[in-house]
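For reference, the structure is listed below as structure tokens.
Because only heavy atoms are used, hydrogens play no part in the values below, and waters and symmetry mates are left out as well, while side chains stay in. Just so it is clear, the structure is predicted and the values come from calculations on it, not from any experiment.
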Amino acid sequence: MTTSDIPFIVLVLLNVVDAWLTTRGIEGGAREVNPVLRAIMSRLGTEPTLLVVKALMLAVIYALDLSAPVLWALCVCFGLLCAWNIRLL
């Protein structure tokens, strides 16, 4: 296990939480803010879009082999995004 493994695992978990919160929000009448995601969701559905987009994003991040500080910074960003989504529910 490397020093980048733990923040990457945290990032994956935060993305799972974000996807769940986004799905709950949209089911409750909220609107996706990102226009690109919103357009894809209108064609594929919310859950398939989130699954594909997040899987691709995490695969790219993993392939880039980013340093632990960069991964922790991404974790902070996704943590704030999750907090925002919780506030909207």
Side-chain angles (χ1 to χ4, degrees):
M1 185 173 265
T2 68
T3 58
S4 295
D5 289 344
I6 292 175
F8 184 76
I9 292 167
V10 171
L11 184 62
V12 169
L13 294 173
L14 284 167
N15 272 274
V16 170
V17 171
D18 176 53
W20 184 81
L21 290 168
T22 299
T23 302
R24 297 293 77 78
I26 290 173
E27 287 174 350
R31 183 174 156 226
E32 172 60 47
V33 176
N34 182 323
V36 175
L37 280 180
R38 190 170 56 244
I40 298 170
M41 285 176 180
S42 72
R43 294 174 195 263
L44 300 179
T46 301
E47 290 162 347
T49 299
L50 290 171
L51 178 67
V52 169
V53 169
K54 288 185 173 296
L56 286 171
M57 178 197 65
L58 290 167
V60 168
I61 289 170
Y62 185 79
L64 290 173
D65 197 26
L66 300 172
S67 68
V70 173
L71 290 171
W72 282 121
L74 289 171
C75 288
V76 169
C77 293
F78 275 93
L80 291 170
L81 182 60
C82 288
W84 175 263
N85 286 341
I86 289 169
R87 201 177 131 246
L88 295 177
L89 291 180

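The hydrophobic cluster containing Leu56 does not contain Leu58, counting ILVMFWY residues as joined when their side-chain heavy atoms lie under 4.5 angstrom apart, directly or transitively. Phe8 and Val53 are assigned to two separate hydrophobic clusters, defined by single-linkage of ILVMFWY side chains at heavy-atom distances under 4.5 Å. A single hydrophobic cluster is seen to contain both Tyr62 and Leu71, as judged by linkage of ILVMFWY side chains at heavy-atom distances under 4.5 Å, directly or through other members. In terms of hydrophobic clustering, with Ile, Leu, Val, Met, Phe, Trp and Tyr side chains grouped at heavy-atom distances under 4.5 Å, Leu66 and Met57 are assigned to a common cluster. A continuous path of ILVMFWY side-chain contacts below 4.5 Å connects Leu14 to Val70, so both sit in one hydrophobic cluster.
Here the straight-line distance linking atom CD1 of Ile26 with atom CG of Leu88 works out to 11.0 Å at 0.5 Å rounding. For the atom pair CG (Leu44) and OG1 (Thr49), the distance works out to 4.5 Å, reported to the nearest 0.5 Å. Distance check, rounded to the nearest 0.5 Å: CG of Asp18 to CD1 of Ile86 gives 10.0 Å. Expressed to the nearest 0.5 Å, how far CZ of Arg38 lies from CZ of Arg43 amounts to 13.0 Å. One distance of note links CG of Leu74 with CG of Leu11; it measures 6.0 Å at 0.5 Å rounding. A distance of 9.5 Å separates CG of Asn15 from CG of Leu50, quoted to the nearest 0.5 Å.
Ser67 approaches Ser4 most closely through the heavy-atom pair C-OG, 3.9 Å.
Applying side chain to side chain contact (heavy atoms under 4.5 Å, CB included) to Cys82 and the options Val16, Leu13, Leu21 leaves one that passes, Leu21.
Between Asn85 and Val17, every side-chain heavy-atom pair lies at or beyond the 4.5 Å cut-off. Using a 4.5 Å cut-off on side-chain heavy atoms (C-beta onward), Trp72 and Ile6 make contact.
Through direct or indirect side-chain contacts shorter than 4.5 Å among Ile, Leu, Val, Met, Phe, Trp and Tyr, Leu51 is connected to no other residue.
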